[in-house]
Structures are given as structure tokens and as C-alpha cells.
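We name chains A, B, ... by the order of the sequence lines, and we start the count at 1 in each one.
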Amino acid sequence: MRIDIRSISKRFGSFTALDRVDLSIASGELVALLGPSGSGKTTLLRIIAGLEQADGGSLAFGDSDVTAADPRARGVGFVFQHYALFRHMTVAENVAFGLTVKPRDQRPSRADIRARALELLRLVQLDGFAHRFPHQLSGGQRQRVALARALAVEPRVLLLDEPFGALDAKVRVELRRWLRRLHDETGITSVFVTHDQEEALEVSDRVAVLNHGRLEQVGTPEQVYRHPASAFVHQFLGQVNVFHERGQDQAGADPARVALVRPHDVLVARAADPLCQIPAVVEAIAIAGPQVRLSVLPAGAKAAIEAHLTHDQYDQLALSRGDAVFIGYSRAKSYQASDLPTTVDYQI
Amino acid sequence: MAASRRILPGFGLTLGVTVAWLGLIVLIPLAALVAKSTSLSWEQFWGTVTSERTLAAFGLSFGAAAVAALVNLVAGAVIAWALVRYRFPGRRLVDAVIDLPFALPTAVAGIALTTLYAPNGWIGALLEPLGIQVAFTRLGVVMALIFIGLPFVVRTVQPVLEEIPAEFEEAAASLGASRLTVVLRVLLPEALPALITGTTLAFARAVGEYGSVIFIAGNIQGQTEIAPLLIVIQLEQYNYAEATAIAVVMLVLSFALLLAVNLLQRWSNRRFREST
């Protein structure tokens, strides 16, 4: 089911949660709403579900306008951040809830409801848990029950609010890959909210980046990561170093502009070469799993910058703390310094 | 009990205090009561507690308390819901008024209710043409018991309703449940243990109520005479053993009822030992 969000706005008192957001989601797509807290991403999801009413703009599912439709009539499945499983019902009763509350003439028979609930539990790999109560399950299992419950009513649209937010790191990674596979199997149009850029990039077909209630960029994970449309997107999707352009490598550099460089695009060399011309000192070396993280302090800079090397590069350079090196960067994008978000990781 | 050593000491101490306190404050007086009643022969005892007057008093005390508790269950649940869910001017005032029956001397409540509901009182005068008489009837007894029992239900249910996350209702609505279904199948089961507890407390309080009832009841023998009053009447006639015999039966009945409700409570609680 195609979702068209047109110029949706929402205010809470004097706080602008959403400011004229336009977004179209194609049928069968899996889209991530990514942004820091307070960016309006959850509000947008709740407006799509009908749990919140927009102050302005319109919302359509396919060809039908649902701007003012009751949440009961929208045919959305909503998975809450804290699952909101009914505590007094078993897992099977939770999953079947949406079917058992249908009007009598549309309600499947008891046997059909039960069969459907068990089938969904199989889909989320929880067969055998039908008679447990939610409090007897782990976080990841509850999450999958919540998903099965939302899918039971065969929603046109699946909405997930921070689906992995309350889980530990290892379960998160497993569950998000599993969600991606599940989406590929069911093909249901899905939108999920996250503040974790890695999660958004790994799971979704497209990422919509929100900041202060405005849509900063919409694109495939590759587009938003490698070709960010704004300094905010560049900074939010992964770490960045800020290089104030000082004209060593660019004629007529503008002091009002800065270059943002990701740590893996920072080059480190023993001797100055055309790309690496900034003298610096190695402050710290951390072997962080697959990469080696260097902290290097350029001459005259207040704060160190971060460079990520492969183990091979690191071995070739044979670095140790306190060594003098030259640094530069292979890929950068320049922005107006005034557009720079206030929080940046590293700066020279 | 302490097979494995606990990190926090004090199990022995607190259990000791619990047992000693319960013994001193609750059990010894009750035991004295039972002991006193044994000065009657079995025939005398049985005769006292099964006399027509006594049976009528028991019937009224337990029956009116049950009716009042059920009325309070419904009214208390609605009031607790309104206080928890809505923000309206005067909400804090209403919230404070709920506790008044706790604090007011029950005799004051009884006199006030009698004045209002007497045939020439403000409300009594309005009801009289309709053929409804409240004061000096069993209805009056129920009215007084409703008055004193209300805060028990409201104060027990209120915190539980406050704890129910709004997400439960939203989840149910997004799954297509109507408002009524949400109330019956999602909210009510969540609040059920608290509703049972509150209603039980209101009931227990009403069974033992004396002060407010004697003013409004009219105390007609065999009709509007409650069991606690009958005990006082027996005491005034120096029939101490008969008074304790009636008291012992009340005690046993009350204990049996509370125990039954406790079991019901455990059953309804079984399903949510931990919250999500």
C-alpha cells in the first residue's frame, strides 16, 4: 500500500514537532525514519497510525485519503517501543486479539483464529510459546509477539516505533536482520522509527532523516551515507571530523566553509605527500575489532581528529604513540560553517 | 526458610515483630472474645445465634454490606477513572473530598444522612411523593454503608489505573477494538485485582460499621437492626456471653468471606506476577 504524506505539520503547544513534511513511500517498501530525539520521527509515525492528529497537511494510503480516519479503520499494524503486550493474556491470546475483536459477521471461527495465531507464531519463530504469558518471555521474544499481533489483522501498513530500542546489542543485530528477511517474505509496506543510524542503514530500503521536525533528506542508505544533502545528515550518519579549510590544498579557500571528513576517509602517512600535508602527532591507538582507531593531534589544533585504518594500513605504517605523521583526506564535503551542527566529534 | 543466607539481615527480627504485634493487637482480644462465649453451654450458644432476631440482624449486616460494596464497586471504579483520566477544574478538590468518609466521625455522617433522608429532610421530602423512604429502612442502612465504603474502592483502584500505560489502549485500538471492547477486555482485567481488593475492604468495613448506621436505621427489631447494634443491646442488658456469641459468629463469617476473597484475588493475580 502506497503512503503519501503531504505537508504534514504538528505542534505541541509552542513546540513544533513536524514542519510541513512531505514523504512518499512506495508499496512494499521498508522505510526508516531516522533522527535524534525530538526530531518528530515518532510523531510522524503516530500520525500515520492515526494515534495523533496532524494540525495541517494530508495523508493518503493508496488512493484513499485517511487524514481524518479513525485508527481502527486504517488497517495499520503498530508495534510499540515497549511492545504493549496485554499482560493478562497468553502469547496466543495476544496474537489473536485483533481477530477476536472483529465484528461478529467478519470474525473468523474460533478454530480459524487459533490456527492463524499459531501460524503467525511459527512465522516469528515462537511456536511452543503459545501458552506463556508476556512476563515469561525475554525482550526479543516479546518484540516478536508484538510483531505477530500486529500482523494478525493483515494490516495494509506495518509501523514500528524504535523496534529494537529496548534490546541488548547482540539481540538487536539478530532481530533487525530477521526483520529484514521477514519484510522480504511478507512484502508489507513498513515504516520504522529509529535513532540508530547503523540500524537505519542496514535494514531499510530508504532512509528519511528528520531534524527539528523537518525532513533533511530521503534516499537509499548509500545516498544518505555517501552523498549527504546537509551538514546535519553528514554528521548524524556516522562520525565526522571537521576540517576548517585553510587553503593548503585548495586555492582561494573560504574561511566561512568547513569540510566534513569521515574517520575512514582520513589519510595518514609517515612523510608528507600531495594528499597528506598537515603535520600531526599520534595521541592514541586503539585496536577496535576490525579497525584501528587513531587519535591524531594536528600541529596547532585544540582537539585531536579520529582516523580509522585497516589492520594492513596500520601494519605498513608501524605507528606507535607520539610518532610524527602527516594527515589529509581522500573524500570530504564542504558546508557553510554556520550550518554546522553544534555537536561535532572532532575538529581542527 | 533461611537455607541460604540472605544479604539483608532482619528476617528473624521482622517476623518476630509481626507475630508479636498480630498476637497482641489482633489475636489476644479475639481469643478473649471466643473464651468468653464458651461460658455459654452449646444449646445456649446455638439458641442465641439462631434466634429469629439474631438471624435477621446477620442477614441485614452481611446483605446490606454486600449490596453497598457492589454499588461502591461500580461507582468507585467510575470515579477513580474520571480522576485518573481527565483533567477538569476542581479535580483536586474532588480528590480530597473522596477521603472525607475516612476522617469524619461516623456518627456525624449518620446524623447528616438521617437529616437529609428523613421524610421531612431535603432529599427525603423529594423522594417521599415517589413512595421511596430511605431513612429508618433497610435502604437507609445501605446508604450509610455506601457512604463509608466509597473511599476504599476509589483509593485502591486509582493508583492501579494510573499505572496502566496509554499504549495498551492505543495498541488495542490499532488492532480494531471498539471503545467498549478496550474497556472490557484490556482495562478491566488490568484493574480487576484492585477492584476485588477495594470492594473487599469496603465490604469488610461495612460489616463492622456501627456509628453511622444506628442513626439512619431506625433500629426496628428484626427489620433494621444490624448485628453490631444487637451486640451493644445485649451488652447493655448485661448479657455478656450472648453478646460475645453473636460476635464470634460475625468473626467466623467475616474471616471465611475474607479468606474466600483472598483466594479469588490470588487467582486473578496469578496472571501478572511481574509487569512488562
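- R110(A) CZ: 12 or fewer foreign heavy atoms inside a 6.0 Å radius.
- More than 12 heavy-atom neighbours from other residues, nucleotides or ligands sit within 6.0 angstrom of CD on E174(A).
- Taken from CG in L51(A) to CD in E167(B), the straight-line distance is 9.5 Å, to the nearest 0.5 Å.
- Residues F168(B) and F86(A) approach most closely at O-CE2, 3.6 Å, considering heavy atoms.
- Atom CZ of F255(B) has 12 or fewer neighbouring heavy atoms from other residues, nucleotides or ligands inside a 6.0 Å radius.
- Both the backbone and the side chain of R149(A) come within less than 4.5 Å of a heavy atom of chain B.
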I'd like to know whether F97(A) forms a side chain to side chain contact (heavy atoms under 4.5 Å, CB included) with R185(B), so could you lay out the CA-CA distance, the side-chain angles of the two residues, the decisive distance to 0.1 Å, and finally the verdict.
CA-CA 9 Å; F97(A) 183 84; R185(B) 295 203 34 201; 3.7 Å; yes
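- Other residues, nucleotides and ligands place no more than 12 heavy atoms under 6.0 Å from the CZ atom of R104(A).
- Nearest approach of S178(B) to R72(A), heavy atoms of both residues: CA-NE, 3.7 Å.
- The neighbour count for D63(A) CG, taken as heavy atoms of other residues, nucleotides or ligands under 6.0 Å away, does not exceed 12.
- Only the side chain of T181(B) has a heavy atom closer than 4.5 Å to any heavy atom of chain A.
- Counting non-hydrogen atoms of other residues, nucleotides and ligands closer than 6.0 Å to CZ of R179(B) gives a total of 12 or fewer.
- The line from NE2 of H88(A) to CD of E190(B) is 6.5 Å long, rounded to the nearest 0.5 Å.
- For the set L159(A), V76(A), D70(A), T100(A), the entry with the most heavy-atom pairs within less than 4.5 Å of chain B is T100(A).
- Of the two parts of A150(A), only the backbone, made up of N, CA, C and O, holds a non-hydrogen atom closer than 4.5 Å to a non-hydrogen atom of chain B.
- Note on P165(B), A172(B), A177(B), S174(B): by heavy-atom pairs under 4.5 Å with chain A, the leading option is A177(B).
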Test side chain to side chain contact (heavy atoms under 4.5 Å, CB included) applied to E170(B) and E52(A), step by step
CA-CA 10 Å; E170(B) 291 175 346; E52(A) 214 84 65; over 6 Å; no
